[in-house]
Amino acid sequence: MLVARPIPYQNVALTDNVCVTVKRLDLVHPHISGNKFFKLQYNLQAAQAQGKTLLISFGGAYSNHIHALAHAAHECGLDSLGIIRGQELADKPLNPTLQDACNLGMQLQFVSREQYRQKHTPEFLNALQQRYPQAYIIPEGGSNLAAVVGCEAILSAYDRQNFDVIVCAVGTGGTVAGIINASEPTQRIVGFAALKSEHLSHTITPWVTQNNWEILSENVFDGYGKFNAVLLDFIHDMQQQNLPLEPIYTAKALYRLRDDLLTGRLSQQQRILFIHTGGLQAMRENLH
Ligand SMILES: *Cc1c(COP(=O)(O)O)cnc(C)c1O
């Protein structure tokens with residue numbers, strides 16, 4: 001079982017008139033960052049209950065999920081295998097994300113982009129399970145039903161009672177699904193996707209029990225992983241208020257929230273809670 005630290009709240013001035021409350025999930029654990037802590041919690045329990053000794057998952061070279069998984073496996077005394085997109089990376093020095101994972105004992109297997117695309121198919125998963133019978137396999141980004149249930153613990157009774165709108169960044173959708181399930185029907189959940197995608201809502205729908213939510217595709221900075229000087233300035237401004245953000249998920253979501261407040265798409269009269277999903281480990285390499 002992973003042990004959570006108390007999660008602090010922080011108020012930041014987002015526009016001249018609007019202050020939002022930030023729930024700092026990035027501080028939930030010294031190494032297992034943000035939402036990934038909640039996503040892994042029940043998956044680790046399930047793996048241990050099933051007597052599995054190896055965790056397998058998938059990710060890109062900068063994956064916060066792979067990084068968190070390596071730490072969690074290490075902490076729980078389990079082996080781990082990361083299947084990483086990009087065969088070409090096999091011959092290159094490891095970046096800090098993968099170097100950490102490797103130092104924690106994770107075995108890394110680099111596969112071509114074509115192979116990586118097969119990772120959801122029953123054929124691929126069955127072959128993997130046969131090769132590693134002792135493995136508990138977690139999907140890319142860590143999103144499965146156990147992750148959704150884990151993310152329901154992100155919201156507290158206080159959060160249900162004191163906010164009208166809850167905002168977070170969305171990747172594979174497991175985190176926002178848990179938040180939706182834990183929210184009051186009168187609350188509105190807004191997820192800012194980190195990627196251009198019209199499919200995310202279809203992924204999320206089977207996981208959720210309410211319809212008080214919307215997911216907005218990333219059409220502002222031109223898609224996943226793309227950022228510009230405007231976003232970097234915004235990160236700098238927020239850092240002045242002692243709020244650290246990274247450019248892939250959290251900075252974009254908060255920037256887009258501010259945009260929606262300034263344009264009136266979201267009312268400035270509402271009480272807004274922004275869920276800081278973490279991911280700061282990736283900052284070590286991306287912004288220099
Ligand atoms: C992984 C990640 C997300 C996306 O979470 P999903 O459950 O995949 O939607 C959001 N923010 C950060 C910082 C992340 O690392």
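One is the number of the first residue; the rest follow in order along the sequence.
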Closest approach of [X] to [Y] (non-hydrogen atoms, all atoms of both residues):
X: Phe163; Y: Gln187; answer: O-NE2, 2.9 Å
X: Cys151; Y: Gly174; answer: CB-O, 4.1 Å
X: Leu94; Y: Phe110; answer: CD2-CZ, 3.9 Å
X: Pro139; Y: Asn144; answer: CD-ND2, 3.7 Å
X: Val170; Y: Leu195; answer: O-CD2, 4.3 Å
X: Ala193; Y: Ile215; answer: CB-CG2, 4.1 Å

- Task: Name all pairs fulfilling the ring-ring contact (aromatic ring centres under 6.0 Å, His included) condition that reach into residues 176-221, sequence neighbours left out, sorted by first residue then second.
- Result: Phe221-Tyr255
Under 4.5 Å between side-chain heavy atoms, hopping through other hydrophobics if needed: is there a path connecting [X] to [Y]?
X: Leu262; Y: Leu254; result: no
X: Val22; Y: Leu27; result: no
X: Leu89; Y: Tyr116; result: no

- Per the side chain to side chain contact (heavy atoms under 4.5 Å, CB included) rule, which among Ile138, Ile204, Thr172, Val148 passes with Ser143? Thr172
- Task: State which residue, out of Leu25, Asp26, Thr21, fulfils the side chain to side chain contact (heavy atoms under 4.5 Å, CB included) condition with Lys23.
- Result: Leu25
Test item: side-chain donor near acceptor, [X] and [Y], under 3.5 Å:
X: Thr53; Y: Asp79; answer: no
X: Gln240; Y: His236; answer: yes
X: Gln281; Y: Asn64; answer: yes
X: Ser183; Y: Asn212; answer: yes
X: Gln99; Y: Asn103; answer: yes
X: Asn35; Y: Thr175; answer: yes

Check whether any side-chain N or O of [X] sits under 3.5 Å from a backbone N or O of [Y] as a donor-acceptor pair, and report yes or no.
X: Gln41; Y: Ala153; result: no
X: Gln107; Y: Gly82; result: no
X: Arg160; Y: Ala182; result: yes
X: His67; Y: Pro96; result: no
X: Asp260; Y: Leu257; result: no
X: Ser80; Y: Ala70; result: no

- Worked verdict on Asp222 versus Lys196 for salt bridge (Lys or Arg N to Asp or Glu O under 4.0 Å): CA-CA 8 Å; Asp222 204 30; Lys196 287 185 193 177; 2.8 Å; yes
- Message: Set out, in order, the CA-CA distance, both residues' side-chain angles and the distance that settles salt bridge (Lys or Arg N to Asp or Glu O under 4.0 Å) for Asp164 and Arg188, then state yes or no.
- Response: CA-CA 6 Å; Asp164 306 306; Arg188 180 168 165 207; over 6 Å; no
- Could you go through the salt bridge (Lys or Arg N to Asp or Glu O under 4.0 Å) check for Glu88 and Arg113 one step at a time? CA-CA 10 Å; Glu88 72 282 1; Arg113 276 144 222 276; 2.5 Å; yes
- Task: Any pair with a residue in residues 35-64 that passes salt bridge (charged side-chain N to carboxylate O under 4.0 Å, His left out), sequence neighbours left out, goes on the list, sorted by first then second residue, please.
- Result: none
- Task: Taking only Lys NZ, Arg NE, NH1 and NH2, and the carboxylate oxygens of Asp or Glu, determine whether Lys226 and Glu218 approach each other closer than 4.0 Å.
- Result: no
Which distance, rounded to the nearest 0.5 Å, do you find between the [atom1] of [X] and the [atom2] of [Y]?
X: His276; Y: Gln10; atom1: NE2; atom2: CD; result: 8.5 Å
X: Ile275; Y: Phe38; atom1: CD1; atom2: CZ; result: 9.0 Å
X: His31; Y: Glu75; atom1: NE2; atom2: CD; result: 7.5 Å
X: Cys76; Y: Leu78; atom1: SG; atom2: CG; result: 6.0 Å

